[in-house]
Amino acid sequence: MFTKNLRLFCVIIDKIIASLGIGASYMMPILAFIVVYEVIARYVFDAPTIWAYDLSLFLFGYIAALGGAYAQQKRAHINVDILYLTVSPKVKNIFNLISYSLGIFFLIIIFYVSIGKFEEAIEFDFRRQSEWAPAMWHFWVMLCIASTLFIVQLVRDMIAEAYHLTTGEELFEKEITDGC
């Protein structure tokens, strides 16, 4: 029963992270369109926009931050293979648990700093220092959401690693990496 509940919890997290990661990837064509539009407006029509640069920065930040948990799920982050590939599976589990713990610590700091920045942005009406001057509060909300999603993904991964370390068996027969 306990293992079944762990699997269910992990599958739910996998589906949420995969859905949001894939959803964030749909912002990439929008970003590309904005950049192309700005280049054409600036260099062909000699009429640069005041909003394209700021909007492209925000979209790029959204894509990168919201895609972080999905990249973790797909195991697409950088790994130091020279050491990692030479150790036993048990030591790999320990390495993973340590690195996931450090990641969670770092992401908790990002979360709390982002909350503080969000509160400041609302209180003082912080805006980007540009001609368009869009509000900044939404960016800090997105960082809070993204760091929370990444923490949840790392907790899911820690559960799978700890299960393997304690039982010697995989939590899933084939590690779920596509969120399905």
- [ ] Give the ring-plane orientation class for F58 versus H138, where under 30° counts as parallel, over 60° as perpendicular and anything between as tilted.
- [x] perpendicular

Quick one: list whatever passes side chain to side chain contact (heavy atoms under 4.5 Å, CB included) with [X], sequence neighbours left out.
{"X": "F106", "result": "I110"}
{"X": "E169", "result": "Y163, T167"}
{"X": "A146", "result": "A65, L66, M142"}
{"X": "F9", "result": "I13, I159"}

Open item on the list: Testing the basics here: between S56 and I34, what is the closest heavy-atom pair and its distance to 0.1 Å?
Closed with: CB-CG2, 4.4 Å

Open item on the list: Measuring only between side-chain heavy atoms, which start at C-beta, is L31 closer than 4.5 Å to M27?
Closed with: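 When only atoms from C-beta onward are counted, M27 and L31 do not touch, as no gap falls below 4.5 Å.
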
Open item on the list: Measuring only between side-chain heavy atoms, which start at C-beta, is I50 closer than 4.5 Å to S130?
Closed with: no

Task: Inter- and intrachain pairs under side-chain hydrogen bond (donor to acceptor under 3.5 Å, both in side chains), touching residues 17-26, at least two apart - done: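 Residue pairs with at least one partner in residues 17-26: there are none.
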
TODO: Keeping to residues at least two apart or across chains, list the side-chain hydrogen bond (donor to acceptor under 3.5 Å, both in side chains) pairs with something in residues 101-120.
DONE: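 Sorted result for residues 101-120: empty, none.
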
Open item on the list: Test: salt bridge (charged side-chain N to carboxylate O under 4.0 Å, His left out). Region: residues 49-58. Which pairs qualify, not counting sequence neighbours?
Closed with: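 Passing the test, one end in residues 49-58: D54-R128.
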
TODO: Just grab all the salt bridge (charged side-chain N to carboxylate O under 4.0 Å, His left out) pairs involving residues 40-53, residues at least two apart or on different chains.
DONE: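 Every pair satisfying salt bridge (charged side-chain N to carboxylate O under 4.0 Å, His left out) with a residue in residues 40-53: E38-R42.
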
Open item on the list: Within a 6.0 Å radius of atom CZ on F126, are there more than 12 heavy atoms belonging to other residues, nucleotides or ligands?
Closed with: yes

TODO: For W132, enumerate each residue passing the ring pair (Phe, Tyr, Trp, His ring centres under 6.0 Å) test, keeping only those at least two apart in sequence or located in another chain.
DONE: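 Expected list: none.
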
Task: ring pair (Phe, Tyr, Trp, His ring centres under 6.0 Å) partners for F2, two or more places apart - done: none

Task: F105: hydrophobic cluster co-members (side-chain, 4.5 Å) - done: I109, V113

Task: Whichever hydrophobic residues join Y53 through chains of side-chain contacts under 4.5 Å - done: L57

Open item on the list: Please evaluate residues Y37 and T49 with respect to the criterion side chain to side chain contact (heavy atoms under 4.5 Å, CB included), reporting the C-alpha separation (whole Å), side-chain torsions for both, the decisive distance (0.1 Å), and the verdict.
Closed with: CA-CA 9 Å; Y37 181 85; T49 65; 3.7 Å; yes

TODO: Decide side chain to side chain contact (heavy atoms under 4.5 Å, CB included) for I17 and Q72; before the verdict, give the C-alpha distance in whole Å, the side-chain angles of both, and the deciding distance to 0.1 Å.
DONE: CA-CA 10 Å; I17 297 299; Q72 172 63 28; over 6 Å; no

